[in-house]
Protein chains: 2
Amino acid sequence: MSDVVDPRLPASPEAPKGRGKSRPLKIAEEMKDWIVVRGLQPGDRLPGERELIERFQASKGTIREALRVLETQGLVRSRTGPGGGTFVEALSGAKAMELLGNYFFFQNPTIGDIYAVRRILEPEMAASVAGRLAEADFKRLEQTMQIYVEPPQDLEEERRQRHAELDFHSILVDYCPNPVLAFMCRFLQSLLRDLTVCKRIYEEPNPDLRESGLSYQVRLLRALRRQDAAAASEIMFEHMCTAQRYMEEREAVLQAKFLQVPD
Amino acid sequence: MSDVVDPRLPASPEAPKGRGKSRPLKIAEEMKDWIVVRGLQPGDRLPGERELIERFQASKGTIREALRVLETQGLVRSRTGPGGGTFVEALSGAKAMELLGNYFFFQNPTIGDIYAVRRILEPEMAASVAGRLAEADFKRLEQTMQIYVEPPQDLEEERRQRHAELDFHSILVDYCPNPVLAFMCRFLQSLLRDLTVCKRIYEEPNPDLRESGLSYQVRLLRALRRQDAAAASEIMFEHMCTAQRYMEEREAVLQAKFLQVPD
DNA sequence: AGATATTTGTTCGTATGTATT
DNA sequence: TAATACATACGAACAAATATC
């Protein structure tokens, strides 16, 4: 029998089990504290393995496991050779999203769940970049739009266009000054990219989606050029609502198809 | 994007390519793919160490490092003893937040950054729970509010009250049907809990914060009782704006103090 | 309760790979 | 080319935990 983990169950403030951690995990914690206490910054070097063995009173294998733990958390990076060693690293956004993606792999959110959040975050993001774009930045955005200004010739181009549309949003986020908002917008985009349902939808022709998306983005850029944050937010909101309706409709169609031909 | 990895026989005896990832990291990836391909669910057991050594052609130490990687990612859990072994696990929300917290440790967002997002997510969350609360759930929320219905007698009670206020939001999220929205709301709450600036603010008396928070929450519960999602959203928005203003003001005061007495 | 079997957890000695000098 | 300093990898032996009988 498997303890079913209730997805809704919260991260309760008090962990039910404080015990049960293996030694390498505990040593990894100690190392993390040690790094923080010493105020080590990204780029700084940790002591060599032998010294770590001394300091944390554990064997080479255990130390190595602990280092690997920190490495998968994206906090350190090891290099071989002289002058090599283990170095503190700032966790990259990409890595953070990868780790977080594992969580939603089991949660398996619906398209509606994602868009419900995206619908309110993306407008806020759009508003936050108003007045922060130089002419070169507008050029960059328009260049991306060029990829899907014409209807696609085949399914491969169709797929490339869908991705370019997501790229448009991703580029926009580059200029968002709020790191929390930026991360969350980007993460939702990556969730959409990875969702199998979305992949299936993107594999089919979506002429309406392309056309409406394009028109929204043109309007959005106009609003941003005149540094009108409120308008940008409003336009993005409409865009998201339209996209959500479209995606959910397609999802329903695909599910109906799947139910009709169950294997 | 990710090619399907042949489940068996990964590495040739001598892998002349050491580019980038270390071997344990690569083996961890292979294991993950192997788990996905076999459709293993949380609770399912992985082969024992000896068999893994056979299957992935690596030494015990390397296999253990790979397992540790998956363990820190929250994907597996190992137990000793007969009937023990390594088991697939669903990444818990708490663990996911911990991992994600490492990212924002370096990003170091301001209170304003966090509230800018919280201000729009919490209202959406409040609206989403309207009509989903039974009488027992209201009782639970009111019980939490009891903790700070009276002004605190000392600083310790002050701190307990601040945490109870965050708990109120956390409990509310329990009933949010959208896993993405729920996770993000909870994560922002945990970010606030951990931010050192916030800790310092919470350590001081905040009579205004308590009183205004309490009144908003009373109004919120009333709206939820009559299942008025729009009102709940509106009230929560006001609550967040007020809280943000208050926190930023306190932050400014603390910073001024800090600058005046720099050690 | 106690013995035992099973499985992970830890250690150590040694060997190999890699990059600098 | 050789010497070096460092991480990386391997395998055997031992320790600890925990079911079952």
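Reminder, nothing fancy here: chain letters follow the sequence lines and each chain counts from 1. These numbers come from a predicted model, not from an experiment.
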Q: Provide, to the nearest angstrom, the distance between the CZ atom belonging to A:Phe56 and the P atom belonging to C:dT11.
A: 14 Å

Q: Give A:Gly48 one of three labels, base, sugar-phosphate or nothing, depending on what nucleic acid heavy atoms sit under 4.0 Å from its own.
A: sugar-phosphate

Q: Identify, between A:Gln57 and B:Leu46, the residue whose nearest nucleotide on DNA chain C lies closer to the 5' end.
A: B:Leu46

Q | Atom-to-atom span, CG of B:Leu70 to C1' of C:dT8 - whole angstrom | A | 16 Å

**Q.** Nearest-neighbour nucleotide for the B:Thr80 side chain, D:dG11, D:dT18, C:dT18 considered
**A.** D:dT18

Q: Let me know the distance between CD of B:Glu51 and P of C:dT7, rounded to the nearest Å.
A: 11 Å

Q | Length of the CD1-C1' vector between A:Ile63 and C:dT10, whole Å | A | 12 Å

Q.
Please classify the nucleic acid contact of B:Arg64 as base, sugar-phosphate, or nothing, using heavy-atom distances under 4.0 Å.
A. base

Q) Within the side chain of A:Asp113, is there an N or O that forms a donor-acceptor pair under 3.5 Å with the backbone of B:Asn178? A) no

Q.
Counting only side-chain nitrogens and oxygens, does A:Thr62 get under 4.0 Å of the OP1 or OP2 atom of C:dG9?
A. no

Q. Which sits closer to the 5' end of DNA chain D, A:Pro82 or A:Glu49, going by the nucleotide each is nearest to?
A. A:Pro82

Q: Could you tell me whether a side-chain N or O of B:Arg77 sits under 3.5 Å from a main-chain N or O of B:Glu89, the two making a donor and an acceptor?
A: no

Q: Using the salt bridge (Lys or Arg N to Asp or Glu O under 4.0 Å) rule, take A:Arg140 and A:Asp167 through it: C-alpha gap first, then chi angles, then the decisive distance, then the call.
A: CA-CA 11 Å; A:Arg140 195 173 153 217; A:Asp167 285 344; over 6 Å; no

**Q.** Polar side-chain contact A:Lys60-C:dT14 base: donor and acceptor under 3.5 Å
**A.** yes

Q.
When you measure from the side-chain N and O atoms of A:Arg50 to the phosphate of D:dA7, is any distance below 4.0 Å, counting only OP1 and OP2?
A. no

Q) What integer distance in Å separates A:Leu67:CG from D:dA7:P? A) 9 Å

Q.
Quick one: does any side-chain atom of B:Asp44 pair with a main-chain N or O of B:Val88 as donor and acceptor, under 3.5 Å?
A. no

Q: Could you tell me the separation between the CG atom of B:Leu52 and the C1' atom of D:dA9, rounded to a whole number of Å?
A: 17 Å

Q.
Taking the basic N atoms (NZ, or NE/NH1/NH2) and the acidic carboxylate oxygens, is any pair closer than 4.0 Å for A:Lys60 and A:Glu49?
A. no

Q.
Counting the atoms with a prime plus P, OP1 and OP2 as sugar-phosphate, which does A:Arg23 contact under 4.0 Å by heavy atoms, base, sugar-phosphate, or nothing?
A. sugar-phosphate

Q: Nearest whole angstrom, please: distance from the C1' of D:dA9 to the CD of A:Glu65.
A: 13 Å

Q: Measure from CG on B:Leu25 to C1' on D:dT8 and round the result to the nearest Å.
A: 13 Å

